[in-house]
Amino acid sequence: MTVDLDSLQDKLATLADSGVKKALSKGAEEAEAFVSYEDTISIIIKKALIEARRGAPWGIGIRVVVDGKVGFAASSGTEETQTGKIAEEAVAVARIRPLDPDFKHLPDPVTRSSRDGVIDERVIEFSEKEALDEVSRLAKTTLESDKRIKSLWGDIGVERGAFAIANSRGVAGATKGVAIGAGIYCVAVKDGKQKTGSEFLVSRELTDFSEISKKAADRAVKMLEAKPLGRSLRTTTVWENTSIAYLLGNMLKAASNARNVQEGKSYFRGKIGEKIASDIITIVDDGQLPEGLSTLKIDAEGVPMQTTMLIENGVLKTHLYDSYSALKENKESSGNAKRESPEPFLKTPTVSTTNLVVKPGRKNPEELVAELGEGVLITDGVMGVGHANTITGEFSVVAPNAFLIKKGEIVNPLEPITVAGNFFHALKNVQKIGCDSRLLEIGKIPSILIGDLTVSG
Amino acid sequence: MFELLQYGVKNGETLGADFVETRFDDLFIREIVMEKKVVKDVKTLRRVGVGINTYYRGATGYSFSVDLSKEAIAEAAARSFNIAKASSTFAQVKVEPGAVPPSKSKKLKLRVAKHPKDFSLDLKKNLILRATESAEEHGKHISSITGNYGELYGEKMFTNSAGTEISWFPIVSDLRIRVVSKKADVLVDGADGFGGSFGLEAFDIGEHSPETLGENASKWAAEKLKAKPAPAGKHRALCENMLVGVLAHESFGHLTEADFIVSGMSPLAGKLGDQLGSEKTTIFDEGTPDPEKYSGFWIPFDDQGVKTTKVVILDKGKLTRYLHSRETATLMKDSSTGNARAVNYNFPPIVRMRNTYFAPGDLSLDEALELLGTGIYAIRTAGGQASADGTFMFKARRGYYVEHGKIERPLREVTLAGSILTFLQNVEGATKELVIRSGYFGGCGKGGQWPLPVGFGGPHLLVQQVQFGGEKQ
């Protein structure tokens with residue numbers, strides 16, 4: 001039971017087109033319809049308990065302009081009568097919205113060549129049976145890899161889908177994508193001490209996931225020997241690629257967002273052309289990276305995705321735009337409109353980065369540690385990124401899987417430490433970048449060495 | 001609709017399923033956000049779909065369809081069956097639906113005087129506007145006011161191989177307001193709100209009117225302008241109803257969910273019968289706390305067709321029961337407690353809480369303050385984190401320093417941290433009033449199924465040796 005993504009795209013495009021017509025017939029001056037479909041397999045294994053799910057959420061979201069005011073409404077399904085009701089709702093919503101003098105109109109068609117990312121047929125054909133097989137094997141090998149591993153949660157997710165968008169100004173497009181990912185979160189126990197470790201892999205292509213088990217188990221087991229840091233100090237930190245990725249992604253997503261810039265909520269406001277990071281930092285927002293998880297032919301408003309130089313040798317080059325923020329500055333959208341998954345049809349577009357690609361350096365992580373001298377190595381996930389202040393850059397995260405480094409060597413694992421500082425100041429303190437770029441949901445990120453952060457525990 | 005749902009059940013059975021559960025959700029969501037007096041965002045969405053859960057040889061499989069044609073339901077039943085069948089070859093532990101007496105209960109609903117479906121968006125916008133105007137009138141040095149209105153309602157239906165047929169109408173309305181005041185370098189906030197399974201009539205009453213909510217938020221922000229951060233260290237504390245409710249849910253309740261128990265993730269695995277807390281701690285999880293008295297989330301049946309029971313999780317400090325779905329119950333040789341819930345048709349039901357609260361005690365609030373003597377009175381929560389090992393960190397919305405039984409001065413930056421098991425052991429007393437709240441905003445996010453409305457609450461709890469502070473501003 002595989003999905004033919006091309007004919008799916010065509011079907012969605014037809015639905016989007018009729019959604020626009022319906023909305024215009026309900027009194028909208030301008031209308032836009034977004035229709036998406038994501039065939040999803042999700043298997044979660046809680047030690048031995050399996051939760052298996054497969055299905056495709058799909059539906060339509062309609063944006064309208066009435067008397068210059070914008071309204072939005074959405075629903076699952078795309079039945080004709082239902083679409084009519086949604087269009088009516090959107091019109092009703094528009095009527096209670098205030099007139100926004102910054103809103104010009106819905107996007108105009110943009111001609112720019114762009115294409116879909118890698119579509120691996122093996123991911124399209126990947127069955128629930130194969131998914132179950134994979135995650136069961138991962139769970140088994142994790143438990144068998146060390147007798148101190150007492151429990152685990154594993155998961156595998158497969159998505160293949162498409163969306164289409166049309167509006168009354170002539171935008172009409174569709175795009176498709178696939179992704180597969182698996183992860184293990186496990187608990188190691190010794191003498192009543194309980195430690196956790198995790199590992200995961202995401203890709204657009206069918207991948208060998210077998211490494212995950214051992215890595216997750218190793219991460220947890222290593223921590224059983226953790227000792228408290230016992231003090232608070234300012235020191236140098238090496239962040240493993242997965243550890244820095246979420247913090248870096250969240251911060252850059254907020255700071256580069258042109259809407260935030262315009263509203264005075266961005267650290268990058270007024271800083272284009274300025275040096276905001278150390279010389280070795282070059283970051284591209286690449287919506288056209290073939291293997292990137294966020295790569296699409298068009299963004300959530302139908303604007304072609306593109307490759308945008310964000311930070312070049314430490315200098316901020318631009319902000320990222322959807323059509324609303326672009327029209328406000330009489331610019332063209334950079335193709336960064338996004339509707340969050342799952343069920344993107346229920347969401348209004350916001351500005352988001354696509355694939356953030358940090359230019360790698362030459363050293364592998366071991367060499368970074370060797371050159372660190374004194375400091376800490378942060379591995380695996382960190383907690384508290386969601387509570388960080390993305391406007392000022394202040395953050396304080398807890399790292400449960402960190403290590404003390406002395407004379408360029410790992411001395412011992414540490415009981416959870418708090419790492420705090422200002423992310424945007426830290427960008428200027430990035431001293432080295434690893435060569436170990438890793439494909440993650442937010443892009444391609446290498447390990448990074450940052451000086452002068454507060455570490456306590 | 002039941003005919004269509006039974007068609008799904010029959011299709012699964014024909015394929016060879018041991019047991020099939022089919023449910024239908026039609027849920028409407030409306031949300032309005034205002035900043036100062038400007039509408040910032042409006043969400044209006046609807047989720048309609050059918051979910052099918054199939055049991056086959058000790059395994060389950062879940063699928064769903066947003067297309068409500070017979071053909072699409074048959075396909076969903078087949079997908080659900082196929083995934084259960086595939087899963088059965090990998091399952092190392094066998095899950096079964098267990099024996100649950102079939103129920104026939106249709107069109108269950110709360111009596112609501114002003115159902116949100118009958119009122120315009122404009123009227124709801126005006127609720128926020130009234131709260132905002134009241135906040136402006138009573139505030140000091142206001143830098144921003146954010147108002148939120150949210151509602152969720154619709155119909156849920158359920159049927160299964162045993163012939164159970166249930167339908168009910170969930171409902172929740174919620175109004176919130178937050179005021180930020182700023183003077184020189186000091187930035188403080190105050191917030192109030194009211195949410196639960198009720199209609200718009202709830203906001204007609206003085207105590208919960210938009211005017212009162214706005215006034216409170218402003219007042220509570222203003223009084224913090226001169227407040228000092230809570231003194232760091234260990235203090236005796238009086239914890240208010242909603243704060244203890246959040247602890248009951250986030251920090252303790254999750255540890256008693258049987259899926260965490262059977263997978264060995266919870267530190268409470270194997271601890272049934274153990275004395276975990278003091279004699280003063282009793283915790284319930286209940287589906288339908290009296291809607292006349294409390295504003296919890298009203299949920300008469302869970303998403304596996306099991307009537308929601310009132311579960312005593314902790315009885316005078318002793319761990320008495322885990323929370324179960326049909327699967328975890330059969331695995332652990334217990335009966336389902338009616339705790340299987342799914343946020344919408346996209347997901348299978350998993351073990352979730354309903355309304356989780358501490359049982360009241362016998363103290364009046366004055367007596368509790370007197371017993372507190374000198375310490376901190378902490379009220380409601382403004383975010384926090386709880387880990388699987390029972391450690392927690394929560395920020396209280398408000399706090400006061402109490403000396404000799406008298407509320408002396410407001411505090412800001414009131415953060416409680418520690419281990420829930422230590423906290424439970426340190427509970428010295430409880431007041432006699434019980435408050436339960438729920439709402440559209442917030443909600444539980446387990447397993448990516450967010451936001452699921454839950455209720456929580458309790459009395460005021462008097463607790464010794466609570467760790468405060470630790471966070472620098």
Side-chain angles (χ1 to χ4, degrees), chain A residues 1 40-59 61 71-79 82 85-86 89-90 92-93 95-98 127-129 131-133 135-136 140 150-153 187 189 194 196 342-343 346-348 383-384 387 396 398 420, chain B residues 29 32 38-39 41-49 51 59-68 75-76 78-80 82-87 89-93 95 120-122 125 259-260 262-265 267 327-328 331 344-348 350 383 385 387-389 447-448 471-472:
Chain A
M1 200 170 36
T40 307
I41 297 176
S42 159
I43 317 282
I44 299 168
I45 185 162
K46 299 173 177 175
K47 199 169 182 185
L49 196 62
I50 298 173
E51 280 169 26
R53 166 173 90 94
R54 177 165 187 185
W58 67 305
F72 176 81
S75 172
S76 62
T78 53
E79 265 176 63
Q82 212 165 306
K85 275 196 196 131
I86 301 161
E89 279 260 18
V93 170
R95 295 199 197 280
I96 73 153
R97 294 291 300 273
S127 69
E128 51 259 32
K129 193 159 179 9
L132 278 154
D133 191 32
V135 77
S136 304
K140 188 161 173 277
K150 298 295 184 206
S151 180
L152 69 85
W153 282 27
V187 178
V189 180
Q194 189 167 323
T196 60
E343 299 180 307
L346 295 177
K347 323 279 166 67
T348 47
M383 302 192 299
H387 294 288
S396 174
V398 174
Chain B
I29 285 172
I32 306 172
V38 179
V39 176
D41 196 15
V42 180
K43 274 199 188 108
T44 138
L45 40 109
R46 180 180 180 185
R47 280 195 184 89
V48 197
T60 60
Y62 184 80
S63 191
F64 55 91
S65 172
V66 298
D67 182 343
L68 303 181
E75 281 171 17
R79 272 198 305 272
S80 169
N82 287 335
I83 200 160
K85 191 177 171 189
S87 187
T89 60
F90 296 100
Q92 291 173 27
V93 293
V95 294
S120 69
L121 274 170
D122 211 38
K125 183 187 96 176
D259 53 342
F260 284 110
V262 295
S263 64
M265 277 285 170
E327 292 100 317
T328 64
L331 264 179
N344 57 51
Y345 67 83
N346 285 297
F347 295 97
I350 56 174
Q385 226 169 336
S387 306
D389 63 358
E471 222 191 22
K472 263 194 244 157

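Within every chain, numbering begins at 1; the chains are lettered A, B, ... in the order of the sequence lines, protein sequences first and strands thereafter. Hydrogens, waters and symmetry mates are skipped; everything else that's a heavy atom, side chains included, is used.
Closest of all the heavy-atom pairs between A:Ser76 and B:Val66 is CB-CG1, 4.0 Å. The two atoms that bring A:Ala48 and B:Gln92 nearest to each other are CB-CB, 4.3 Å, heavy atoms only.
A:Ile86 does not touch chain B: none of its heavy atoms, backbone or side chain, sits under 4.5 Å away. For B:Val48, the parts lying under 4.5 angstrom from a heavy atom of chain A are both the backbone and the side chain. For a residue to count as touching a neighbouring chain, one of its non-hydrogen atoms must lie under 4.5 Å from one of that chain's; by this rule B:Tyr345 touches chain A with the side chain only. For a residue to count as touching a neighbouring chain, one of its non-hydrogen atoms must lie under 4.5 Å from one of that chain's; by this rule A:Ala56 touches chain B with the backbone only. Only the side chain of B:Leu331 comes within less than 4.5 Å of a heavy atom in chain A; its backbone stays farther off.
Contact count versus chain A (heavy atoms, under 4.5 Å) is highest, among B:Asp259, B:Thr328, B:Asp67, for B:Asp259. The candidate with the highest count of non-hydrogen atom pairs below 4.5 Å against chain A, out of B:Ala84, B:Ala388, B:Pro267, B:Ser63, is B:Ser63. Ranked by heavy-atom pairs shorter than 4.5 Å toward chain B, the options A:Pro98, A:Gly77, A:Ser42 are led by A:Pro98. Contact count against chain A (heavy-atom pairs under 4.5 Å) is highest for B:Met265 among B:Met265, B:Lys85, B:Lys125.
B:Val262 has its side chain out of reach of A:Lys46: every pair of non-hydrogen atoms, C-beta onward, lies at least 4.5 Å apart. Contact check for A:Ile44 versus B:Ile350: no side-chain heavy atoms found under the 4.5 Å cut-off. When side chains are defined from C-beta on, B:Ile83 counts as touching A:Ile43, because their heavy atoms get closer than 4.5 Å. Contact check for B:Val93 versus A:Lys47: no side-chain heavy atoms found under the 4.5 Å cut-off.
Using a cut-off of 4.0 Å between Lys/Arg side-chain N and Asp/Glu carboxylate O, A:Glu89 and B:Arg46 are scored as not salt-bridged.
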Report the C-alpha separation of A:Glu51 and B:Tyr62 in whole Å, then their side-chain angles, then the decisive distance to 0.1 Å, and conclude whether the side chain to side chain contact (heavy atoms under 4.5 Å, CB included) test is met. CA-CA 8 Å; A:Glu51 280 169 26; B:Tyr62 184 80; over 6 Å; no

What's the verdict on side chain to side chain contact (heavy atoms under 4.5 Å, CB included) for A:Lys129 and B:Thr89, showing C-alpha distance, side-chain angles and the deciding distance? CA-CA 9 Å; A:Lys129 193 159 179 9; B:Thr89 60; 4.1 Å; yes

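Within a 6.0 Å radius of CD in A:Glu79, other residues, nucleotides and ligands contribute 12 heavy atoms or fewer.
Rounding to the nearest 0.5 Å gives a distance of 13.0 Å between OG of B:Ser120 and CZ of A:Arg95. Atom CD1 of B:Ile32 is separated from atom CZ of A:Arg97 by 10.5 Å, given to the nearest 0.5 angstrom. Note: A:Thr348 OG1 to B:Leu45 CG = 10.0 Å, rounded to the nearest 0.5 Å. The CZ atom of A:Arg53 sits 14.5 Å away from the OG atom of B:Ser87 when rounded to the nearest 0.5 Å.
Using modelled atom types, one finds a donor on one side chain and an acceptor on the other under 3.5 Å when comparing B:Asn346 with A:Glu343.
At least one donor-acceptor pair closer than 3.5 Å links the side chain of A:Ser151 to the backbone N or O of B:Ser263.
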